[in-house]
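Take a look at the structure set out below.
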Amino acid sequence: MKTKSPDLHGNAPDNSAVALLLVDVINDFEFPGGAELLRHALPAAKRIAALKNRCRGAGIPAIYVNDNFGKWRSDFKNLVSHCLKDKVRGQKVVELLKPERDDYFVLKPKHSGFYSTTLSLLLQYLGTETLILTGFTGDICILFTANDAYIRDYRLVVPRDCVVSENKADNRSALKYMQRVVDADIRSADRLDLMFPHRKSIPGRPSSSKNL
């Protein structure tokens, strides 16, 4: 009987109990409500970029989980190029969060990063148990991805300063829901201790919903 390959044919060399997910950050923001979302997304993008850099130093892989925006003939590289070269609203966000060569990516057709994608398989090969969810938007794609992660028994960390929605009140409600229902840790990114990436949990000061 054949044994399982230790990696995805050499394409998933990392092994980490923790993975950083960047949801829909490669985004042109050229849609109704995009300008308002961008107001919140640009400051968050700076915090996500800083968190990603810390994760890299701790050996935690980054996975871009990005909508295909209904463009079925497109691919991830084309989406990045479009956002960087076509003078779209989201250019500054993508400049801050553009992927590096050793990052992973998964294209999704709907709200959840797990629905009809290879995300589950990738996480299985990485040996991941804890997901750090960041990106846009908190009340839609982050929320749906968190729900699907929870029913798959992943532990969830959703840094409240690295997740935004078009409406601040909706974002706060989504964060509180994820804290209450899917047991998400919503402490801010600077309160995460990332130097223990091989533990099931990420040590740090207790999470709090204050100042949401």
Side-chain angles (χ1 to χ4, degrees), residues 18-58 60-69 71 74 76-108 111-113 119 131-146 156-175 178 184-192 194 202 211-212:
V18 182
L20 173 69
L21 269 56
L22 298 92
V23 178
D24 288 344
V25 301
I26 306 302
N27 197 319
D28 62 14
F29 292 86
E30 296 291 340
F31 50 80
E36 181 64 22
L37 176 59
L38 183 60
R39 288 181 56 246
H40 310 306
L42 187 54
K46 296 175 183 178
R47 295 187 290 269
I48 295 169
L51 176 59
K52 184 187 176 192
N53 187 56
R54 289 177 58 211
C55 285
R56 175 177 289 273
I60 296 173
I63 305 173
Y64 287 76
V65 182
N66 222 91
D67 205 292
N68 67 2
F69 299 107
K71 298 178 181 178
S74 186
F76 188 64
K77 289 183 179 179
N78 285 339
L79 286 173
V80 175
S81 179
H82 161 65
C83 292
L84 291 175
K85 297 179 180 180
D86 292 343
K87 297 181 179 179
V88 297
R89 286 175 181 159
Q91 181 175 340
K92 289 184 178 180
V93 170
V94 178
E95 286 174 350
L96 286 166
L97 295 173
K98 60 185 177 183
E100 297 171 84
R101 292 188 63 181
D102 56 349
D103 292 333
Y104 300 98
F105 69 88
V106 171
L107 280 178
K108 63 184 178 69
H111 307 87
S112 171
L119 182 58
L131 302 178
I132 306 174
L133 297 185
T134 65
F136 325 125
T137 61
D139 60 336
I140 304 177
C141 293
I142 298 291
L143 179 60
F144 278 80
T145 300
L156 291 167
V157 178
V158 186
R160 60 175 177 260
D161 55 344
C162 293
V163 171
V164 298
S165 304
E166 185 178 335
N167 182 281
K168 285 187 176 182
D170 291 341
N171 199 66
R172 286 194 296 269
S173 295
L175 284 166
M178 287 184 278
D185 185 333
I186 62 170
R187 74 184 72 162
S188 58
D190 61 355
R191 295 170 67 94
L192 298 177
L194 301 177
I202 299 178
N211 300 320
L212 275 179

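Note that the structure is predicted; figures quoted are calculated from it, not measured.
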Q. Taking Y104 for the side chain and L119 for the main chain, is one N or O donor matched with an acceptor at less than 3.5 Å?
A. no
Q) What are the two closest non-hydrogen atoms of R187 and R191, and how far apart are they? A) CD-O, 3.5 Å
Q. Sub-3.5 Å donor-acceptor pair from the side chain of S173 to the main-chain atoms of A169, do we have one?
A. yes
Q: Have a look at Y64 and tell me which of L107, V25, L79 forms a side chain to side chain contact (heavy atoms under 4.5 Å, CB included) with it.
A: V25
Q. Is there a side-chain contact between H111 and L143, using heavy atoms and a 4.5 Å cut-off?
A. no
Q: List the steps, then state whether salt bridge (charged side-chain N to carboxylate O under 4.0 Å, His left out) holds for R56 with D103.
A: CA-CA 10 Å; R56 175 177 289 273; D103 292 333; 3.6 Å; yes
Q | side-chain hydrogen bond (donor to acceptor under 3.5 Å, both in side chains) partners for E95, two or more places apart | A | Q91
Q) Backbone N or O of L192 within a donor-acceptor pair of the R54 side chain at under 3.5 Å? A) yes
Q.
To the closest 0.5 Å, what do you measure between NZ (K52) and CG (L96)?
A. 11.0 Å
Q) Taking it one step at a time, do D67 and N27 satisfy side-chain contact (heavy atoms from CB on, under 4.5 Å)? A) CA-CA 9 Å; D67 205 292; N27 197 319; over 6 Å; no
Q) Quick one: CG on L156 to CD1 on I132, what's the gap to the nearest 0.5 Å? A) 10.5 Å
Q | Straight-line distance of I140 CD1 to S112 OG, nearest 0.5 Å | A | 13.0 Å
(Q) Does any part of the side chain of P99, heavy atoms only, come nearer than 4.5 Å to the side chain of V80, both counted from C-beta? (A) yes
Q | Residues in side chain to side chain contact (heavy atoms under 4.5 Å, CB included) contact with D170, at least two apart in sequence or another chain | A | D139, N167
Which side-chain N or O atoms in residues 31-48 pair as donor and acceptor under 3.5 Å with protein atoms at least two apart or in another chain?
residue	atom	partner	partner atom	Å
E36	OE1	R39	NH1	3.4
E36	OE2	R39	NH1	2.6
H40	NE2	E166	O	3.3
R47	NE	D161	O	2.6
R47	NH2	D161	O	3.1

Q: May I have the step-by-step check of side-chain contact (heavy atoms from CB on, under 4.5 Å) for N171 and R160, ending in yes or no?
A: CA-CA 9 Å; N171 199 66; R160 60 175 177 260; over 6 Å; no
Q: Report the distance from atom CD1 of I60 to atom CG of L131, rounding to the nearest 0.5 Å.
A: 11.0 Å
Q | Side-chain donor/acceptor of T145 to backbone N/O of G113, under 3.5 Å | A | yes
Q | Gap separating the SG atom of C162 from the CG atom of L133, nearest 0.5 angstrom | A | 11.0 Å
Q. For G90, does its backbone N or O pair with a side-chain atom of D28 as donor and acceptor, under 3.5 Å?
A. no
Q. Is there a side-chain contact between T134 and V23 (heavy atoms, below 4.5 Å)?
A. no
Q: Tell me, with the steps shown, if V158 and D185 meet side-chain contact (heavy atoms from CB on, under 4.5 Å).
A: CA-CA 6 Å; V158 186; D185 185 333; over 6 Å; no
Q.
Any heavy-atom pair between the side chains of P159 and I186 that's under 4.5 Å?
A. no
Q) What distance do S165 atom OG and F136 atom CZ have between them, rounded to the nearest 0.5 Å? A) 10.5 Å
Q.
Closer than 3.5 angstrom, by distance alone: can the side chain of R89 be matched with the main-chain N or O of E30 as a donor-acceptor pair?
A. no
Q: Taking the side chain as every heavy atom from C-beta outward, state whether C55 and L194 have any atom pair closer than 4.5 Å.
A: yes
Q.
Can you tell me which residue among N66, I63, L21 is in a side chain to side chain contact (heavy atoms under 4.5 Å, CB included) with V106?
A. I63
